[in-house]
Chemist: 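So that we are looking at the same thing, I have put the structure below in structure tokens.
Within every chain, numbering begins at 1; the chains are lettered A, B, ... in the order of the sequence lines, protein sequences first and strands thereafter. What you see below is based on every heavy atom in this structure, not just the backbone, and it leaves out hydrogens, waters and symmetry mates.
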Protein chains: 2
Amino acid sequence: MIEALRGQNFRLTPQRLEILRILASSREHPSVEQVFEEVRRRFPTTSLATVYRNILKLKELGQVLELGFAEGGNRYDGNRPFPHPHMVCIRCRKIMDPDVENLENLTERIASSTGFKIVNHRLDFFGICPRCQEADSA
Amino acid sequence: MIEALRGQNFRLTPQRLEILRILASSREHPSVEQVFEEVRRRFPTTSLATVYRNILKLKELGQVLELGFAEGGNRYDGNRPFPHPHMVCIRCRKIMDPDVENLENLTERIASSTGFKIVNHRLDFFGICPRCQEADSA
DNA sequence: CTATACGTGAAAATGATTATCATCTAATAT
DNA sequence: ATATTAGATGATAATCATTTTCACGTATAG
């Protein structure tokens, strides 16, 4: 991911590198607040604005995907390939990636039936994850 | 839709009835602001808070679906059946409903492979609608 | 018709995100 | 190694969507 950022007028500050590292290594689809807390563990003076700024850059460069929900508070996804479906637990708010399905023919079918030129899609399933189901029955 | 609301302590004020009418009849997946402006045409003193309050009620009653996007500003969907896919035009921001596909087996496949108990899903395609494609080539 | 609980309008409060600005520093040239 | 400078940071204010507050209004049950 770092390689993808070289070339433009892009400085590799410690905070930036740490934010990159967190987003690239997390499978948790973290919120800004979560990234902020984790950056702070290593660089305690980091500002929340810095986290937002860097995530914005990564968004623009296509390195992370922003996941908006009606409830507010975006989540960020650095796991490739894009796009892929998400499993959202409505109890613990965790977001997981299921095994990737082949959705290309679905996209093509809808494109041809609607006349849209489709450039992206998003597929989210909402439900209760296995762990929260256990907690329910316990 | 009105029938679905009777029974509970629900008063049928003029503003409320107008908001219901707008959401039930619109195919445009309007924003709060758009509903607000339309209500105002008939009831010019209506407050924005009233629009939010009534949409919240309808959400809770399952009569409208709230569509959140990363860009902010929710859109509202009163078109059944729920859930159904959406075609989002990234140029004009219109949201359309394509012909409904059969997605049940997709849901079942993902449920069994992840262990999730799925209660809902959301499938959005982002692209350029036919009208905006024409505008491009013109 | 009266009473009461729910609804409304206006404005303040909240929460997430973005912009501002003075200061700092990574990258580049000297 | 040093100076230069454009980009980055931290702190804070501003913005935008949404929710809450509260005094007043009114639909509905009795």
Chemist: Checking A/Q133 side chain against B/G115 main chain: does a donor-acceptor pair fall under 3.5 Å?
Modeler: yes

Chemist: Between C/dG7 and B/R11, counting only base atoms on the nucleotide and side-chain atoms on the residue, is there a donor-acceptor pair under 3.5 Å?
Modeler: no

Chemist: To the nearest angstrom, how far is B/N54 atom CG from D/dT18 atom P?
Modeler: 15 Å

Chemist: Suppose we screen for side chain to side chain contact (heavy atoms under 4.5 Å, CB included). Which residues come up paired with B/L56, at least two apart in sequence or across chains?
Modeler: B/K59, B/E60

Chemist: Between D/dT9 atom P and A/I19 atom CD1, what is the distance in whole Å?
Modeler: 7 Å

Chemist: Respond yes when some side-chain nitrogen or oxygen of A/T13 is under 4.0 Å from OP1 or OP2 of D/dA8, and no when none is.
Modeler: no

Chemist: What residues form a ring pair (Phe, Tyr, Trp, His ring centres under 6.0 Å) with B/F116, not counting sequence neighbours?
Modeler: none

Chemist: Would you mind reading off the distance between B/I55 atom CD1 and C/dT8 atom P, rounded to a whole angstrom?
Modeler: 12 Å

Chemist: If you look only at pairs with a residue in residues 46-58 of chain A, which of them pass as a salt bridge (Lys or Arg N to Asp or Glu O under 4.0 Å), with sequence neighbours excluded?
Modeler: none

Chemist: Rounded to the nearest angstrom, tell me the gap between atom CG in B/L17 and atom C1' in D/dT28.
Modeler: 14 Å

Chemist: Using a 4.0 Å heavy-atom cut-off across all strands, classify A/Q15 as base, sugar-phosphate, or nothing.
Modeler: sugar-phosphate

Chemist: Give a yes/no answer on whether the side chain of A/S47 brings an N or O atom under 4.0 Å of OP1 or OP2 in D/dT9.
Modeler: no

Chemist: Any link between A/L20 and A/L23 through a network of hydrophobic side chains (Ile, Leu, Val, Met, Phe, Trp, Tyr) touching at under 4.5 Å?
Modeler: yes

Chemist: For B/E33, check side chain to side chain contact (heavy atoms under 4.5 Å, CB included) against everything at least two apart and list the hits.
Modeler: B/S31, B/F36, B/E37, B/L48

Chemist: Taking the side chain as everything from C-beta on, heavy atoms only, tell me whether B/D97 gets closer than 4.5 Å to B/H29.
Modeler: yes

Chemist: Excluding sequence neighbours, so at least two apart, what forms salt bridge (Lys or Arg N to Asp or Glu O under 4.0 Å) with A/R131?
Modeler: none

Chemist: Below the 4.0 Å mark, does D/dA8 have OP1 or OP2 next to a side-chain nitrogen or oxygen of A/R16?
Modeler: yes

Chemist: Let me know the distance between CG of B/L58 and P of C/dG7, rounded to the nearest Å.
Modeler: 12 Å

Chemist: The criterion is side chain to side chain contact (heavy atoms under 4.5 Å, CB included); which residues satisfy it with A/N120, sequence neighbours excluded?
Modeler: A/P83, B/F126

Chemist: Using five pairs at either end of the helix from C/dC1-D/dG30 to C/dT30-D/dA1, determine the angle between the two local helix axes and round it to 10 degrees.
Modeler: 30°

Chemist: With the threshold set at under 4.0 Å for non-hydrogen atoms, list the residues of residues 36-46 of chain B touching DNA chain C in residue-number order.
Modeler: B/T45, B/T46

Chemist: Using atom CD of A/E33 as one end and atom P of C/dG15 as the other, report the distance to the nearest whole Å.
Modeler: 12 Å

Chemist: Using a 4.0 Å heavy-atom cut-off, write out nucleotides 19-24 of chain D from 5' to 3' as B (base contacted by protein), S (sugar-phosphate only) or - (no contact).
Modeler: BBB---

Chemist: Residues in ring pair (Phe, Tyr, Trp, His ring centres under 6.0 Å) with A/H121, at least two apart?
Modeler: B/F125

Chemist: Mind checking what makes salt bridge (Lys or Arg N to Asp or Glu O under 4.0 Å) contact with A/R40, not counting sequence neighbours?
Modeler: none

Chemist: State whether A/N74 places a side-chain N or O below 4.0 Å from either non-bridging phosphate oxygen (OP1 or OP2) of C/dA16.
Modeler: no

Chemist: My understanding is that only residues two or more places apart in sequence, or in another chain, count here; which of them pass side chain to side chain contact (heavy atoms under 4.5 Å, CB included) with A/R93?
Modeler: A/E71, A/R75, A/V88

